[in-house]
Amino acid sequence: MTASSPVAPDARPARPGARAWFALGILCFVYVLNFLDRQLLSILAKPIQDEMGVSDTQLGLLGGLYFAAFYCILAIPVGWLADRTNRVKVLAFSCALWSAATAACGLSGSFGQLAASRMAVGVGEAGGVPPSYAIISDYFPSGTRGTALSLFNLGPPIGQALGVAFGASIAAAYSWRLAFIWVGVVGVITALIVWFAVREPKKGGLDAPVTPAPVATTDPVAPATSGFWSTGKMFFANPMLRGISLACGATQFVTYALLGFAVLFLQREKGMTLEQVAVWYALVVGVCVSIGMLASGRLIDRFSKRSKTAYAWLPAIGLAIAVPFFAGFVWAPTWELSLMFLTVPMALNYFYLSPSITLVQETVRPDQRVMSGALLLLVMNLIGLGLGPTYLGFASDFFQANGYENSLQMAFYTLIAFYILAVVMFLGMVGKIRRQTAREALS
């Protein structure tokens with residue numbers, strides 16, 4: 001059994017203070033850089049292909065499996081370390097590391113060097129998001145965490161939009177290499193700001209005291225402690241946490257495949273130029289994903305008070321609505337019409353993220369939050385980030401080898417099946433959440 005984290009009856013603030021909002025703003029900017037660094041490769045795919053001659057499969061591996069193998073697996077020991085030490089310092093060091101590795105991408109002279117640099121980016125980013133989840137959860141009390149985490153989760157759309165606008169503009173005017181170097185320098189400076197300006201909050205300071213599981217200790221008044229293996233066992237033994245992780249993985253399979261190849265698809269098969277990408281695609285990503293993140297956070301804070309099944313219903317409904325519009329994006333004969341269709345999936349594809357993160361953070365003990373967030377990322381990113389872009393690149397080369405001129409378009413069509421799978425998995429989560437809630441009520 002896991003412990004939920006309601007607002008403590010004697011908690012100081014009913015509303016977050018100025019320090020909490022300041023920390024949230026800094027952490028959100030770090031997440032912007034995190035995602036910007038991660039997505040620069042896909043944004044600059046065509047000039048990289050033109051110069052280095054890499055295939056779609058190699059691009060998929062660079063943005064998928066090679067990156068995710070280090071990013072996901074190292075997030076677990078980093079999360080365990082952050083739970084037991086200073087989470088802010090872990091975050092600052094990680095930001096400096098991935099930013100230096102991003103700059104190294106711009107200095108790469110071969111596919112091998114570029115692959116090594118991407119792996120190093122993954123090593124650094126392993127310590128980025130999980131500590132941030134836990135820091136935010138200790139700055140914002142229950143009932144406001146969904147909104148706070150949705151604001152934090154604006155990092156990906158803002159990072160993607162800035163990456164598109166900045167990366168495409170620099171590549172068009174100068175060189176794709178310069179984009180990587182400049183972003184890396186900004187990241188190192190930001191890491192120093194995090195180290196000196198963000199204060200480490202008290203772990204569990206805004207939560208009511210929880211009773212540890214009977215096996216945790218023989219002393220009824222001893223504080224709960226989190227062991228590496230005990231936290232992992234707790235997470236994967238919980239059907240609700242295990243199920244939400246797999247459903248997120250199925251969703252991210254689609255979202256990361258889309259993000260990994262959307263710019264290349266729009267340029268190669270819809271006729272967009274880098275200059276057009278820098279304006280119009282950046283606007284679609286920045287505006288639509290931000291709307292989706294904010295709306296899902298507010299909706300989950302509202303509806304989860306009535307029933308925890310909202311954590312599953314909201315993503316399922318959003319993804320189901322997105323499917324026909326995604327098909328329209330792939331089918332559309334012009335890039336203008338394609339982008340119009342894409343606005344809906346770009347908003348609704350992310351209705352899963354804030355509800356899923358909030359569910360995990362609300363379910364586990366405060367001293368298990370970083371590692372539990374890392375375990376969530378491990379499952380969903382190994383499936384989504386690791387396999388999504390890798391699969392789509394392989395599928396594109398497969399269709400091309402079999403005579404299809406529009407090979408990337410054919411590969412995108414196959415993602416509809418994964419959309420449907422994600423919807424089914426979130427619908428299956430409704431029953432798991434109900435049963436878990438009933439067990440907690442009886443315990």
Side-chain angles (χ1 to χ4, degrees), residues 16 18-40 67 70-72 74-75 78-79 81-83 85-103 105 120-140 145 147-163 165-167 179-201 285-286 289-290 293-294 297 350 353-354 357 361 369-370 373-374 376-377 381 385:
R19 185 176 294 278
W21 292 108
F22 171 77
L24 179 61
I26 297 295
L27 294 182
C28 185
F29 184 70
V30 173
Y31 201 10
V32 167
L33 293 176
N34 179 296
F35 215 80
L36 197 161
D37 292 359
R38 191 185 311 177
Q39 293 300 312
L40 266 183
F67 175 89
F70 289 87
Y71 173 67
C72 300
L74 287 178
V78 171
L81 176 66
D83 268 329
T85 58
N86 188 300
R87 297 164 295 183
V88 171
K89 304 304 183 189
V90 170
L91 174 63
F93 178 81
S94 300
C95 180
L97 178 58
W98 85 59
S99 298
T102 297
C105 290
V121 173
V123 171
E125 291 195 10
V129 181
S132 298
Y133 288 161
I135 293 168
I136 291 168
S137 295
D138 283 332
Y139 267 120
F140 291 82
R145 286 177 186 146
T147 298
L149 287 167
S150 71
L151 289 169
F152 173 71
N153 284 326
L154 290 177
I158 295 173
Q160 175 77 353
L162 287 178
F166 175 78
F180 279 103
I181 295 171
W182 284 7
V183 169
V185 171
V186 172
V188 172
I189 296 172
T190 302
L192 293 173
I193 295 174
V194 173
W195 185 280
F196 291 107
V198 178
R199 179 180 297 178
E200 172 79 358
V285 172
V289 181
S290 297
M293 292 290 191
L294 288 172
Y350 295 90
L353 192 55
S354 293
I357 296 167
Q361 295 293 302
R369 281 182 176 147
V370 180
L376 173 67
L377 291 177
N381 284 330
L385 178 57

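Quick note: numbers below take in every heavy atom, side chains included, and nothing from hydrogens, waters or symmetry partners. The chain is numbered in sequence order, starting from 1.
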Determine the minimum heavy-atom distance between [X] and [Y], stating which atoms define it.
X	Y	result
V78	G127	CG1-CA, 3.5 Å
V88	V194	CG1-O, 3.6 Å
N86	E200	OD1-OE1, 3.6 Å
G124	L97	CA-CD2, 3.8 Å
Y139	R199	OH-O, 2.6 Å
G155	C28	N-SG, 4.0 Å

Interatomic spacing from [atom1] in [X] to [atom2] in [Y] - rounded to 0.5 Å:
X	Y	atom1	atom2	answer
T190	L91	OG1	CG	10.5 Å
F140	I135	CZ	CD1	12.0 Å
L192	C95	CG	SG	9.0 Å
K89	L81	NZ	CG	14.0 Å

Taking the side chain as C-beta and beyond, is there a heavy-atom pair between [X] and [Y] under 4.5 Å?
X	Y	answer
V186	S99	no
L151	W21	yes
E125	F35	no
T102	L33	no
C105	L40	no
L385	F67	yes

Could you walk me through whether R87 and D138 pass the side-chain contact (heavy atoms from CB on, under 4.5 Å) check?
CA-CA 11 Å; R87 297 164 295 183; D138 283 332; 2.7 Å; yes
Parallel, tilted or perpendicular: which one describes the rings of F152 and Y31, with boundaries at 30° and 60°?
parallel
